[in-house]
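Every chain is numbered from 1 and lettered A, B, ... according to where its sequence line falls, protein lines coming before strand lines.
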Amino acid sequence: MTEKSSSAAIADSTVNKEESLGSLLAPPDESGRFGEFGGRFVPETLVPACEELEAGFNEAWADQGFRYELRDRLNEYAGRPSILTECHNLGSQLGIRLILKREDLNHTGSHKINNVLGQALLAKRMGKTRLVAETGAGQHGVATATAAALLDMDCKVYMGEVDVDRQELNVFRMRLLGSEVEAVSSGSRTLKDAVNEAMRDWVATVGHTHYCLGSVMGPHPYPWMVRQFHRVIGDEAHAQCLELLGQAPEVVVACVGGGSNAIGIFSGFVDSDSRLVGVEPAGGAAVSRGAAGVVHGMRSYLMQDEVGQVEEAHSISAGLDYPGVGPEHSYLASLGRAEYPTVTDAEVVESFQLLSRSEGIIPALESAHALAWIVREAPQMQGQSVLMNLSGRGDKDVDQMMGILG
Amino acid sequence: MGRLEDEFRSKRAAGRKLLVPYITGGYPGWQPAIRAAAANGADAVEIGIPFSDPVMDGPVIQQASQFALEQGVTPAAILDEVTRLDVEIPLAVMTYYNLVHHPGPVRFAADLRRAGISAAILPDLPLEEAGPWCAAADAEGIETIMLAAPTAPDDRLPRVVDRAHGFVYSVGLLGVTGERESLAESATALAKRLKAITDKPVLVGVGVSNATQAYEVTRVADGVIQGASVVRRLMEDGPDAVGDYVAEVRSAIDAD
């Protein structure tokens, strides 16, 4: 009898992981709420579709066959489990143990593939033939286009005009993968407007189309379902940290736009003693600058003006240019279980270069937000173990950084 | 029963088909456009309060909303103007829930009442989430018009209809507001399903784009809501064109 390799054992341990009801990240209540956040604020046309999706997801998630099919796709196609990398150079420079969860090494270059493979398999199982998606930086769009190619589905991706300009390469990638990409010219012409346009598409095509939402946001069951698809990050990391550190890390850090990579890694540690830190861009700080509001189907913290118009987010990274945040983050913030500090674009540019030079790893600009906070706070965390979710690789940002750094 | 539903029931009993144009509040010329609509046969007007993220609206109404927002229009400024409109017909507002949630349902409902608004349509507030708003609206005598969608299964429609005050808004097609070449089959199909289960007035809106289509749906439904076709005329040709268009639709739906 051969002993299973450690990575295979980790993959196996995550597939049937069930949430305990006492967990802070237990499933939402019947109305899709986490505390007072979440819900299902959608046009009447979409209510039956959300109900159908909820039932379809419940049924699939309870089915071992589906769970194993997804696990196999994640392992054999996306390259899971993703490894941990300890940053010895930067860690000793900062006086901490810095450990990266390498979601950048997944196929398509970010954590987004976890959720997309899950949703695409589910959509197919539910008899849908077409996917629509929104994208900011293009990571979720590329992942969706990839899953659509793999599973032979039609795909249309909505992307704000501003983002189409700054992420040209990803636009070409999506087209290469056989997807249609539509530039959205309404509103702020960024991620939130791409969400609006994808929802409008879905309202008109709901019979045969699945809206493959890219974050832990939107109407119930999306925040919960997308978290379940991403909790593999946290479950793996938890097991890996026990091997590496003998315990959970003292701090777990991730960037937050809508919050999918952060909730994924938090899921593995929310019931431990680890300090949880979700880092938002200063120009898109839904938790620290926002108030509870309703947009994109959910009640959550939202940047809005004095009458309730949604404000535009502004940050260097298209993937975090979102004025809201997923309801589970609002819930964790309201409980005080996770904290949501902000970093500036300048700090992000610094940390982008720092990780590249000191470790030979070019991070996505989104992920560089998490590192920027770690660098700033390191003096207060001396000797501590800090796990950072490296949610994506920075290849897509190189062109933009050339412009910034000259 | 509120004023809107009361008037609509009486007019229906007298054999009249009901016509409700939609006009984007805060878009230049919106007040004279409402007066022109009232003078040319509208039975009520739906006033849009622009929101930054209008997910149920197509390009025309989005553009009008965005333009109005860029001019700095606010819900309070629109409601303030409404008090000076001086039209005889009942007025409804259409907006998105965050603009209600932000001040709170109780304050928003009171603001509507003070402005003389009869009813409200909140397209991103489905039945399951409508409780707090409906309680506040009922308390202030604001009629909440519920939307019924072609996707609703038979067991859902009666619950939507039960909660509706003023009239039932029968969504004409799967999609957002905007003009279409032809009327979707779903427009009359859903109206028929609704008429079979309620005696509340049933009006069809979304995708009813011209006088001919308005005539077609009113053979089944009690009336029609005209949105993008009205707003486009306001944007292209101004308030008088809105009056002319309302007159044209009026005479079409009055024909036997």
Side-chain angles (χ1 to χ4, degrees), chain A residues 30-33 36 38-52 184-189 192-209 218-220 291-300 302-312 323-324, chain B residues 49-59 62-63 65-66 69 72-78 95-104 108 122-131 146-153 155-157 160 169-171 173-178 184 186 190 206-207:
Chain A
E30 227 172 68
S31 70
R33 276 177 173 71
E36 56 185 37
R40 183 180 281 158
F41 296 86
V42 291
E44 178 64 25
T45 306
L46 293 179
V47 171
C50 289
E51 287 175 347
E52 181 195 358
V184 176
S185 58
S186 58
S188 60
R189 298 176 292 133
K192 90 176 166 77
D193 311 283
V195 175
N196 291 338
E197 212 50 47
M199 284 186 85
R200 291 181 187 116
D201 183 308
W202 197 33
V203 168
T205 59
V206 64
H208 65 287
T209 294
H220 179 55
V294 175
V295 79
H296 296 156
M298 62 183 173
R299 182 177 190 276
S300 198
L302 176 67
M303 284 170 50
Q304 47 192 319
D305 71 7
E306 65 287 352
V307 303
Q309 306 292 356
V310 181
E311 288 186 334
E312 297 175 14
Chain B
I49 299 181
F51 178 55
S52 52
D53 296 80
V55 292
M56 260 308 281
D57 286 309
Q62 276 180 52
Q63 214 187 321
S65 296
Q66 202 168 328
L69 287 173
V73 67
T74 62
I78 289 172
T95 193
Y96 290 85
Y97 188 57
N98 200 47
L99 296 187
V100 179
H101 181 273
H102 192 83
F108 191 81
L122 301 168
D124 59 346
L125 192 69
L127 194 60
E128 289 76 6
E129 302 287 359
M146 299 298 284
L147 281 80
T151 48
D155 62 350
R156 183 174 178 83
L157 284 186
V160 172
Y169 192 126
S170 177
V171 176
L173 47 71
L174 293 182
V176 294
T177 60
S186 58
L190 178 62
V206 183

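Without hydrogens or angle criteria, B:H102 side chain to A:E306 main chain gives a donor-acceptor distance under 3.5 Å. For B:E129 (side chain) and A:F41 (main-chain N/O), no donor-acceptor pair under 3.5 Å exists by modelled atom type.
Comparing B:L99, B:V176, B:V171, B:T74 by heavy-atom pairs within less than 4.5 Å of chain A, the highest count is held by B:L99. Of all the listed residues (B:L127, B:D57, B:V160), the one sharing the greatest number of non-hydrogen pairs under 4.5 Å with chain A is B:D57.
Considering every non-hydrogen atom in both B:F51 and A:V310, the closest pair reads CZ-CG2, 3.8 Å. Taking each heavy atom of A:Q309 and B:P50 in turn, the nearest pair found is NE2-O, 3.0 Å. Heavy-atom minimum distance, A:R200 versus B:V55: CG-O, 3.1 Å. Closest heavy-atom contact between A:V47 and B:P126: CG2-CB, 3.5 Å.
With a threshold of 4.5 angstrom between heavy atoms, B:P75 approaches chain A through side-chain atoms but not through N, CA, C or O. For a residue to count as touching a neighbouring chain, one of its non-hydrogen atoms must lie under 4.5 Å from one of that chain's; by this rule A:P43 touches chain B with backbone and side chain alike. Contacts between B:V100 and chain A at a heavy-atom distance below 4.5 Å are absent for every atom of the residue. Contacts between B:L69 and chain A at a heavy-atom distance below 4.5 Å involve the side chain alone, from C-beta outward. Within the 4.5 angstrom heavy-atom criterion, only side-chain atoms of A:E51, from C-beta onward, approach chain B. Residue contact with chain A, scored on non-hydrogen atoms closer than 4.5 Å, is absent for B:A76. With a 4.5 Å cut-off on non-hydrogen atoms, A:A292 touches chain B through its backbone and its side chain both.
Looking at heavy atoms from C-beta onward, A:E197 lies in side-chain contact with B:Q62 at the 4.5 angstrom threshold. Contact annotation: the side chain of B:E128 never approaches that of A:H220 to less than 4.5 Å [non-hydrogen atoms, C-beta and beyond]. Contact check for A:R299 versus B:H101: side-chain heavy atoms found under the 4.5 Å cut-off.
Exactly one residue among A:N196, A:V203, A:V42, A:L46 makes a side chain to side chain contact (heavy atoms under 4.5 Å, CB included) with B:M56. That residue is A:V203.
A salt bridge links B:R156 to A:E44: at least one charged side-chain nitrogen sits closer than 4.0 Å to a carboxylate oxygen.
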